[in-house]
Amino acid sequence: MSSLRLFVAVLPPDPAVQELRRAVSALHALPGADRLRWTAEPNWHFTLAFLGNVDEDLLPELHTRLARAAHRTEPFPLRVHGAGRFGGRALWAGAAGALDALRLLAERADAAARRSGVPMDEHRSYSPHLTLARSRAETDLRPFAEALGGFEGTPWEVGEVALVRSSLPGSGVPGERPRYEAHASWALGH
């Protein structure tokens, strides 16, 4: 049976990506930046629910349930805000704005996947973040997080939720990164 590697996400609009790009470009001059695997800008997103490998026969039900979750959620304001790190392995930008609405959308996306028959990992508390860089080895990411810590992006309205396909690198080329492409999307509140 064929499957797709999927996650549900909020994708920042181009102006937000451009604004963040300018702030992140300064981080590339910091010591150790060349040892990090920087996330490609087209892959920047706020994950709501990671679904993993989903059997294609579950997609119609998943689409129906995600559409319903989007319909039940009104558009809301969000902005990229600050930065942080997960230990010495991942650097991220945070979010500000209607975080309760974002968390509710994440819960609805998770529930839609479960009810569609997608085996989901144990539910954890939702921590909105946009991954900027990763490190294979434990790295001191504090200087990067501190340098971006005061970042305040311009607010935008989240108006849709996307089901994104993740294609893992298979060529073995060093530095090759996963590719993400929107598989489907649904407008909020409609």
Side-chain angles (χ1 to χ4, degrees), residues 4-17 19-20 23-24 39 41-54 58-59 61-87 89-134 141 145 148-166 178 180 182-190:
L4 301 175
R5 186 175 171 83
L6 300 170
F7 60 88
V8 182
V10 166
L11 307 176
D14 286 340
V17 169
E19 200 174 47
L20 183 57
V24 169
T39 305
E41 291 163 19
N43 290 348
W44 285 351
H45 64 274
F46 290 96
T47 300
L48 298 172
F50 179 73
L51 311 184
N53 290 323
V54 177
L58 298 179
L59 290 180
E61 181 73 12
L62 178 61
H63 284 207
T64 298
R65 291 185 178 276
L66 286 173
R68 190 176 305 142
H71 175 74
R72 292 176 47 213
T73 307
E74 290 301 316
F76 58 91
L78 194 67
R79 72 181 190 277
V80 181
H81 164 79
R85 59 196 171 86
F86 294 126
R89 297 290 184 148
L91 174 69
W92 49 262
L99 295 183
D100 287 343
L102 185 64
R103 285 185 185 97
L104 178 60
L105 186 56
E107 288 173 13
R108 287 176 172 165
D110 185 90
R114 286 179 195 281
R115 292 180 181 134
S116 300
V118 177
M120 299 290 290
D121 288 338
E122 187 176 312
H123 190 68
R124 295 179 229 147
S125 66
Y126 180 68
S127 174
H129 66 280
L130 184 155
T131 302
L132 298 170
R134 290 185 172 85
L141 296 174
L148 196 60
F151 180 77
E152 288 292 338
T154 303
W156 80 88
E157 183 175 86
V158 175
E160 70 176 21
V161 63
L163 181 62
V164 181
R165 181 178 183 178
S166 171
Y180 302 145
H183 177 74
S185 62
W186 299 272
L188 299 186
H190 294 103

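Here L105 contributes atom CG and D110 contributes atom CG; the two are 11.5 Å apart, rounded to the nearest 0.5 Å. Taking NE2 of H45 as the reference point, atom NE2 of H129 lies at 7.5 Å (rounded to 0.5 Å). For the atom pair OH (Y126) and CG (L104), the distance works out to 11.5 Å, reported to the nearest 0.5 Å. How far CG of L132 is from CG of L91: 5.0 Å, rounded to the nearest 0.5 Å. Going from atom CG of L4 over to atom CG of L51 covers 10.5 Å, rounded to the nearest 0.5 Å. To the nearest 0.5 Å, atoms CZ (R85) and CH2 (W92) are separated by 10.0 Å.
Side chain of S116 to main chain of L58: no donor-acceptor pair is present (N/O by atom type, distance under 3.5 Å, no hydrogens or angles). Judged purely by atom type and a 3.5 angstrom limit, E19 uses its side chain to pair as donor or acceptor with the backbone of T154. For R108 (side chain) and R72 (main-chain N/O), a donor-acceptor pair under 3.5 Å exists by modelled atom type.
Taking all atoms of both residues into account, the shortest heavy-atom contact from A109 to L66 is CA-CD2, 4.0 Å. Pairing each heavy atom of A184 with each of H63, the nearest pair is CB-CE1, 4.0 Å. Of all non-hydrogen atoms in A113 and L62, the two that sit nearest each other are CA-CD1, 3.8 Å. Across all non-hydrogen atoms, the minimal contact from F46 to A95 is CE2-CB, 3.7 Å. Residues V164 and A9 come closest through the heavy atom pair CG2-CB, 4.3 Å. Nearest heavy atom pair, residue W44 against residue L11, reads O-CD2, 4.4 Å.
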### Message
Between E152 and H81, does the side chain to side chain contact (heavy atoms under 4.5 Å, CB included) criterion hold? Intermediate values first, please.
### Response
CA-CA 5 Å; E152 288 292 338; H81 164 79; 2.6 Å; yes
### Task
Determine, stepwise, if the pair L130 / L20 fulfils side chain to side chain contact (heavy atoms under 4.5 Å, CB included).
CA-CA 11 Å; L130 184 155; L20 183 57; 4.0 Å; yes
#### Entry: Criterion side chain to side chain contact (heavy atoms under 4.5 Å, CB included) on W156 and D14, from CA distance to verdict
CA-CA 10 Å; W156 80 88; D14 286 340; over 6 Å; no
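Using a 4.5 Å heavy-atom cutoff, the side chains of F50 and R5 are in contact. In this structure the side chain of T73 never reaches within 4.5 angstrom of the side chain of V161, judged on heavy atoms. By the 4.5 Å heavy-atom criterion applied to side chains, L6 and L59 are counted as neighbours. Looking at heavy atoms from C-beta onward, D100 lies out of side-chain contact with F76 at the 4.5 angstrom threshold. Looking at V24 and E41, their side chains never come closer than 4.5 Å, going by heavy atoms from C-beta outward.
Within 6.0 Å of atom CZ in R134, 12 or fewer heavy atoms from other residues, nucleotides or ligands are found, so the atom counts as exposed in its surroundings.
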